[in-house]
Amino acid sequence: MFSMTHSRSLLTKEWYKVPICVDCPSCGAQTRSAGIVVGPSSLIGDPADSAENDILTRPPASMDGFALVETLSGRTQNIERFVVNRFHSMFAFRNDCLVPICEHCTEGLPSPTIRSSVMNGFVRLGQRRLLERAVFRRQHILSF
């Protein structure tokens, strides 16, 4: 399992919402939020700002592992609306990015604050088969 922090495109049908409980660096309160982890069937492409035609010349590579998606951006409006509407107290769309938020002050939770909690929660819940898997009906290209 690894964290993807640079701008890449991601083609996926398999992702998991991992609930977390962390201390918010903005207000200091313990908050419930979530992180998004994508599955090994996902495909990684070149940077999201590359031309759409590049996907034909350079096919995406298989991820072959699980990865934490720290922010979503790019042409993902339908996905962002779906995630924000379904998990409105955990995620918000800010500065063209989908970010996890504090339930108390609604400030964005920085990646270093949630990274280890999401990864540990993913492993713990995965072992117990308690993860909520969200599957899109068709594959979507995400930027992360």
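Heads up: numbering here begins at 1 and tracks the sequence.
A distance of 6.0 Å separates OH in Tyr16 from CZ in Phe122, rounded to the nearest 0.5 Å. Note that CG of Leu125 and CD1 of Ile20 are 11.5 Å apart. Values are rounded to the nearest 0.5 Å. Here the OG-CZ distance, from Ser42 to Phe66, works out to 9.0 Å after rounding to the nearest 0.5 Å. Of the inter-residue distances, the one linking Thr31 atom OG1 with Leu109 atom CG reads 6.0 Å to the nearest 0.5 angstrom. In this structure, the separation between CD1 on Ile114 and CG on Leu68 is 5.5 Å, given to the nearest 0.5 Å.
Across all their heavy atoms, Val38 and Trp15 have their closest contact at CG1-CB, 4.0 Å. When all heavy atoms are compared, the tightest approach of Arg94 to Gly108 is NH1-N, 3.3 Å. Shortest non-hydrogen contact noted between Ser117 and Val22 is OG-CG1, 3.2 Å. Minimum heavy-atom separation, Ser89 to Ile101: O-CG1, 3.9 Å. For Glu103 against Gln30, the heavy-atom pair with the smallest separation is OE2-O, 4.2 Å. When all heavy atoms of Val37 and Val118 are compared, the pair lying nearest together is CG2-CG1, 3.8 Å.
Residues Cys102 and Cys27 form a side-chain contact, since some pair of their non-hydrogen atoms from C-beta on lies under 4.5 Å apart.
Residue Arg32 qualifies as open at atom CZ: its count of foreign heavy atoms under 6.0 Å is 12 or below.
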